[in-house]
Amino acid sequence: MTVDLVWRSLPLSTKELSLSRVLRCGQAFRWNNVNSVWSFSTKDRIILLKQDDQNLHYAYILAESSKDRNGPESTLLFIADYFNLDVKLADLYEQWSQVEKKCRPGSKTTSFAGFPGIRMLRQDPWETVVLFICSSNNNVKRISKMCHSLCHEYGTFINEHDGVNYYAFPQPELLAKPEVEDRLRELGFGYRAKYIQRTASMFMDNENYPHITLDSLWELRSKTSEEAHEYLIELCGVGPKVADCISLMCLDNHDVVPVDTHVLQIAVRDYKFKGPKTMNKIAYNQVKQHLRDLFGEYAGWAQLVMFAADLSDLNNGINQVDGQAIKHEVADMKVEVKQESYVGKVEQVVKVEQVERVSGKRKIKTDMVVKKIKTEA
DNA sequence: TTTCGACCTCTTAA
DNA sequence: ATTAAGAGGTCGA
């Protein structure tokens, strides 16, 4: 089946939004990039995005079950909400640069100037809870892989585009069954399999956890960050760090700074933090407060940029570090095809591995394309 | 009440 | 090629 793809445009500079940074900097893990087009599935459609210097271009493909009669408008509303477009990023960057200049008077370049267009997303709360349960003791690459296999295994089929099948993110009722844990372990979730199944079942268990529901989770958006924190750490697999990530990335608590050992080091090295240098509850809260006081109402956003500036992955495909162009040369390309059987279906996975030289250094960029070739009863 | 080891798997660096 | 450390932690003893 072919779908007519209609692209629409929205004036938006790359300084306000850099898709390739925002979608790869460790806050969202479910976007695909196929032929320079970013794609993502919501509960009722596939969203497609690309951009040039001055415009964001968007298109959508509805699920066959969708009855939406005003697709262009609802897609634009989703985009405006998801990317927090009411927040003017350039102003914040300016403000943060001043803070950095004050703390590091000697440094020539700020981390903010070198990494423009990184803004906080406003993601779906349930999805964000699961994403960040997966994030513990883990890396961006593996988290992305886990998210995709979770949707593929349990999510409702939305539609197909360019040979790729898209699935919605599975709701709690689909993940609450006890047998989910074993299956997730098979899929490589490790000890997080138990956390996800248990947390999902908490949302389904009205007897023991009447206060934990999808409605009450969404209502946290209108409550304080302290209330959100208290609620979230009750969930299985959610500690203080993960709770703060969730709070920041989907519950509108823009000033919350999730702290890890890495952030502690940055706070000590660059931002004059004087306090405990090993991580514990006291240190956690002190660092969090210190950075919040320093960077203000959008401290969590500032921290995302600092984290992104340190992510080596993020430099792939973005041709700038300290104002110097990075050379990309395709050195080699490998295509691997393998069959995978799941319950009731056989699928072909095509793995394309592109080996590049980035400024002389060998890097492997992997794009996963899943193609369904056959379905059996 | 705080500290510390175990925990799954995968990627990266040596 | 092979190995070891580390990954934006959490849990329970």
Side-chain angles (χ1 to χ4, degrees), chain A residues 21-22 24-29 111 115 118 120-121 123 128-150 180-199 202 229-230 232-250 256-271 276-288 291 299-316 351 353 355-356 358 361-368:
Chain A
R21 291 194 177 98
V22 167
R24 298 190 305 153
C25 70
Q27 51 175 334
F29 303 93
S111 22
F115 292 84
I118 299 176
M120 192 64 61
L121 298 173
Q123 302 191 68
T128 309
V129 165
V130 179
L131 294 189
F132 283 89
I133 287 175
C134 293
S135 79
S136 78
N137 231 329
N138 211 344
N139 53 58
V140 173
K141 196 165 188 173
R142 186 175 166 211
I143 300 167
S144 304
K145 193 175 153 197
M146 287 160 68
C147 291
H148 279 108
S149 55
L150 188 68
V180 168
E181 180 184 341
D182 286 340
R183 182 59 186 141
L184 290 182
R185 276 186 182 271
E186 286 172 12
L187 291 173
F189 282 66
Y191 61 83
R192 302 161 199 86
K194 183 170 68 181
Y195 296 160
I196 291 170
Q197 185 275 325
R198 285 201 188 168
T199 291
M202 287 169 89
H229 191 89
E230 197 179 345
L232 292 168
I233 57 175
E234 221 184 314
L235 304 175
C236 193
V238 179
K241 159 66 177 18
V242 167
D244 283 344
C245 285
I246 297 166
S247 198
L248 171 66
M249 297 183 183
C250 68
V256 168
V257 180
V259 179
D260 56 34
T261 51
H262 189 56
V263 170
L264 175 61
Q265 284 164 13
I266 291 177
V268 171
R269 191 191 65 199
D270 299 337
Y271 297 103
K277 78 171 190 184
T278 54
M279 186 59 82
N280 57 34
K281 199 177 175 186
I282 309 283
Y284 186 96
N285 287 319
Q286 281 185 7
V287 173
K288 186 172 155 183
L291 293 174
W301 291 44
Q303 200 265 61
L304 181 66
V305 180
M306 292 187 266
F307 174 67
D310 266 22
L311 259 186
S312 62
D313 276 7
L314 209 54
N315 293 331
N316 284 344
K351 189 176 168 188
E353 201 173 77
V355 182
E356 286 188 325
V358 181
K361 199 178 169 189
R362 220 164 152 282
K363 294 247 176 188
I364 296 177
K365 196 189 169 193
T366 304
D367 277 324
M368 187 80 117

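Proteins come first, then strands; the chains are lettered A, B, ... in the order of their sequence lines, and each starts at number 1.
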Starting at [atom1] of [X] and ending at [atom2] of [N], how long is that distance when rounded to a whole Å?
X	N	atom1	atom2	value
A:I282	B:dT1	CD1	P	13 Å
A:M279	B:dT2	CE	P	16 Å
A:F29	C:dA7	CZ	P	15 Å
A:R192	B:dA6	CZ	P	17 Å
A:K194	B:dC7	NZ	P	11 Å
A:F189	C:dT10	CZ	P	18 Å
A:L291	C:dG8	CG	C1'	14 Å
A:N137	B:dT11	CG	P	15 Å

[atom1] spacing across the pair [N] / [M], given as an integer number of angstrom:
N	M	atom1	result
C:dT3	B:dC8	P	23 Å
C:dG8	B:dT3	P	25 Å
B:dA6	C:dA5	P	14 Å

Reckon [X] touches a base, only the sugar-phosphate, or nothing at all at heavy-atom distances under 4.0 Å?
X	value
A:L264	nothing
A:Q303	base
A:G26	nothing

In the strands shown, is C:dG8 matched to any nucleotide by a Watson-Crick or G-U wobble pair with both distances under 3.5 Å, and which?
->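 C:dG8 is unpaired by these criteria.
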Watson-Crick or G-U wobble partner of B:dA14, both distances under 3.5 Å =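 Across any shown strand, B:dA14 pairs with C:dT2.
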To check you understand the geometry: which heavy-atom pair defines the closest contact between [X] and [Y], and what is its length?
X	Y	value
A:Q123	A:C250	O-CB, 3.1 Å
A:C245	A:F132	CB-CD2, 3.6 Å
A:I246	A:V129	CD1-CA, 3.7 Å
A:S135	A:V242	OG-CG2, 4.3 Å

A:L248: partners by side chain to side chain contact (heavy atoms under 4.5 Å, CB included), with sequence neighbours left out |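 A:L248 satisfies side chain to side chain contact (heavy atoms under 4.5 Å, CB included) with A:M120, A:P258, A:W301 only.
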Classify the side chain of [X] versus the base of [N] as yes if they form a donor-acceptor pair under 3.5 Å and no if they do not.
X	N	result
A:Q27	C:dG8	no
A:R142	B:dT9	yes
A:R185	B:dC8	no
A:Y191	C:dG9	yes

Considering only B:dT11, C:dG8, C:dT10, which nucleotide approaches the side chain of A:P258 most closely?
->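 The answer is C:dG8, which lies nearest to the side chain.
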Is there a side-chain contact between A:L235 and A:I133 (heavy atoms, below 4.5 Å)?
->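 No, too far: nothing below the 4.5 Å cut-off.
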When A:D260 and A:C236 are each assigned the nearest nucleotide of DNA chain C, the 5'-most assignment goes to A:D260
Pick the nucleotide of DNA chain C nearest each of A:R198 and A:C245; which residue has the one closer to the 5' end?
-> A:C245
